[in-house]
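We name chains A, B, ... by the order of the sequence lines, and we start the count at 1 in each one.
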2 protein chains.
Amino acid sequence: MNLKQFAKELNLSISAVSKALRDSHEISEKTKQMVLDKARELNYQVNPFASSLRKQKSKTIAVVIPEIDNNFFALAIKGVEMIAQEKGYHVLIYLTHEDVQKEVSVTKILQNGRVDGVMISVSSQTTDISHLQGLKENGIPLVFFDRVTEKITAPKITTDDYNSGIKATEHLIENGCEKIAFLSVSENLSISNKRLAGYVDTLKRNKINYDDKLIIRCSQNIEENKKILKKLLEKKIKPDGIFASVESLALTTYEVCNELNIKIPDDIKIIGFSNLRTASLLSPSLSTITQPAYEIGREAASILFTLIEKSGYNGIPENTVIKSTLTERKSTRK
Amino acid sequence: MNLKQFAKELNLSISAVSKALRDSHEISEKTKQMVLDKARELNYQVNPFASSLRKQKSKTIAVVIPEIDNNFFALAIKGVEMIAQEKGYHVLIYLTHEDVQKEVSVTKILQNGRVDGVMISVSSQTTDISHLQGLKENGIPLVFFDRVTEKITAPKITTDDYNSGIKATEHLIENGCEKIAFLSVSENLSISNKRLAGYVDTLKRNKINYDDKLIIRCSQNIEENKKILKKLLEKKIKPDGIFASVESLALTTYEVCNELNIKIPDDIKIIGFSNLRTASLLSPSLSTITQPAYEIGREAASILFTLIEKSGYNGIPENTVIKSTLTERKSTRK
DNA sequence: CTGAAAGCGCTTACAG
DNA sequence: CTGAAAGCGCTTACAG
């Protein structure tokens, strides 16, 4: 069923029907009503490709994320989808699995106009950002969330990572830790930079020896990370505190401590960034910094839609920061 | 940059360039190479809407799910996305939040040809399935996964839910339970039907009184579910076993037991369907039936692509069943 | 092996 | 207020 057939049924021109469907002021109320009724009756729907081709608008956005089996990103997507549905947009999803190469190929594909805008949380490997620059130069509205890069001017939605890094580190120090290992998932550290900076600055301010070897670069692979952590925790003089900058690393630490029979919090204290509902049910319950993932998704989507729909409008802040919350539980108890 | 400009650059016709880009046998190798080189140089990409409009193919599928902040669905999407990326397809995502109305409106939208196929896990409210029938009648390939409906003939990918229902119930009985509550998220029970059937049949086979009041219909709302469970567990003669048919309900049970100071597994034993990585880290560790969510996603996507690309091929089984695994942990210990 | 032309189904500037 | 026509950027049947 296309407009031509539709128009014939009503003895109207194609253009009249098209305009009526889009509620044009050029069309009389009477005609509009007739068209709308008929559309319902025939279950007529505009062909999205013809419409997109003609209007050069897709009513679709892309969300590019490193992983999805992670409560933070799952919740962020929930927020994005909610706003998109309200606005009548469609959401394409692309996973990079923390692989820059995937990220590059996805962004290339997105340059062909398939989407009206892109939301991205960059992979932990990403250092060269020319592929993202390419998107921007092609005039595709771009918004970063959580994993952002300072190298591109675009709206960025994050939590207060520097401040959270400080709070988490102070919390460990207050509970007696003097040798705190920072677990990072990032290969180049430019991503979790701010959390790390908060950690480093807090150590210095508290006159605690700052030791490079306590900044542990983990990978995406759980088994590999276990090995790395085992090496760290089997040492005679092992850390007395762990600051896990992502959820998965806090869990790996728990798993390794169980295997090595290291007692949390007596032998070692742990705090981690996490959106786990089970944080309070763990043995022992896990002290967390929780990011409002759903709100971040909503905010990032809202900003992207503003960018798309009000091009030229420059009231959008480059940085939107939403606060995380630190929740003390047993894993850091003195 | 469009084909017209591209062709002019090379002094070729539009059709020659188009054919070369699609590797047509009508075009000489020399011309193809020239076109391909130029395409790279100009960073030319085919306009997806023009192409889709002409070919009546979108190279896009839709995944419709009730929720995403749930490890099962997050992992399933990961599997789907993996296969889609291999096949050069794009993945649109729609969340229904367990709301049939949302499901209906999403399926309506998907009837306009925007996607080449649909994968759906139906909402727990879904009883009337005419909207899904509508999709099928519109000739849109349809595949169900996990939450399926028997009322429509279409490929269905599930785990061995009936059998898992039996195994979980037997496990509780073996560990001394005689009064086992089945927690369901489904309003009409037609969804988790098979898990429930396994439970009921096992009770009967073991000559345990079958009590309707122990089949608890929960909602989507955590707070509401807490109230329901509190009522159940504050009774003098409360159940001695809980079979949570979805992950979230196992966690709610833990939370309520903590609040009411009910000891797991001494006062009550719990087993639940779950894809939680933290199951083994909980206090006490949670006995689970784990569905291979990632594999289900991959399998469902593969079947959908077969359906799309080989229309008329009828070698696709209506039911694909992938086994779940029961893992005993402390929450069901005698 | 190459090209001219029709047409996918819309939207919109323009004419009336 | 309504309609005829151009054109969005492709693909492909057809002719040469």
Next item on the list: Scan nucleotides 3-9 of chain D nucleotide by nucleotide, 5' to 3', and note B when protein non-hydrogen atoms come under 4.0 Å of the base, S if they reach only the sugar-phosphate, - if neither.
Entry: BB-BBBB
Side-chain polar contacts of residues 70-83 of chain A - donor-acceptor pairs under 3.5 angstrom, sequence neighbours left out - could you list them?
unit_1	atom_1	unit_2	atom_2	d
A/Asn70	OD1	A/Phe72	N	2.7
A/Asn70	OD1	A/Phe73	N	3.2
A/Asn70	ND2	A/Glu67	OE2	3.1
A/Asn71	ND2	A/Glu247	OE2	3.2
A/Lys78	NZ	B/Asp69	OD2	3.4
A/Glu81	OE1	A/Gln85	NE2	3.4
A/Glu81	OE2	A/Gln85	NE2	2.7
A/Glu81	OE2	B/Leu95	N	2.9

Tell me every residue that passes side-chain hydrogen bond (donor to acceptor under 3.5 Å, both in side chains) with [X], counting only those two or more places apart in sequence or in another chain.
X: B/Gln33; result: B/Asp37
X: A/Gln45; result: none
X: B/Gln101; result: none
X: A/Ser28; result: A/Thr31

Got a list of side-chain donor-acceptor pairs under 3.5 Å for residues 296-303 of chain B, not counting sequence neighbours?
unit_1	atom_1	unit_2	atom_2	d
B/Arg298	NH1	B/Tyr294	OH	3.1
B/Ser302	OG	B/Arg298	O	2.9

If you look only at distance, which donor and acceptor atoms sit under 3.5 Å apart when one is on a side chain in residues 114-122 of chain B and the other is two or more places apart or in another chain?
unit_1	atom_1	unit_2	atom_2	d
B/Arg114	NE	A/His90	NE2	3.3
B/Arg114	NH2	A/His90	NE2	3.3
B/Asp116	OD1	B/Ser58	N	2.8
B/Asp116	OD1	B/Ser58	OG	2.9
B/Asp116	OD2	B/Ser58	N	3.2
B/Asp116	OD2	B/Lys59	N	2.7
B/Ser121	OG	B/Phe145	O	2.8
B/Ser121	OG	B/Arg147	N	3.2

Next item on the list: Heavy atoms only: give me the nearest B/Val64-B/Leu110 pair and the separation to one decimal.
Entry: CG2-CD1, 4.1 Å
Check: So which pairs with a foot in residues 8-19 of chain A pass salt bridge (Lys or Arg N to Asp or Glu O under 4.0 Å), sequence neighbours left out?
Finding: A/Glu9-A/Lys38, A/Lys19-A/Glu26
Margin query: On DNA chain C, compare the nucleotides closest to A/Ser18 and B/His25; which residue's is nearer the 5' end?
Written below: B/His25
Check: Rounded to whole angstroms, how far apart are NZ on B/Lys8 and P on D/dC10?
Finding: 14 Å
Margin query: Under 4.0 Å, heavy atom to any atom of DNA chain C: which of residues 27-39 of chain A qualify?
Written below: none
Checklist line | Residue pairs passing the ring-ring contact (aromatic ring centres under 6.0 Å, His included) test where at least one lies in residues 32-56 of chain A, sequence neighbours excluded | finding: A/Phe6-A/Tyr44
Next item on the list: Check DNA chain C for consecutive Watson-Crick or G-U pairs with both distances under 3.5 Å and list the runs of at least three as stems.
Entry: C:1-3 with D:14-16, C:5-12 with D:5-12, C:14-16 with D:1-3
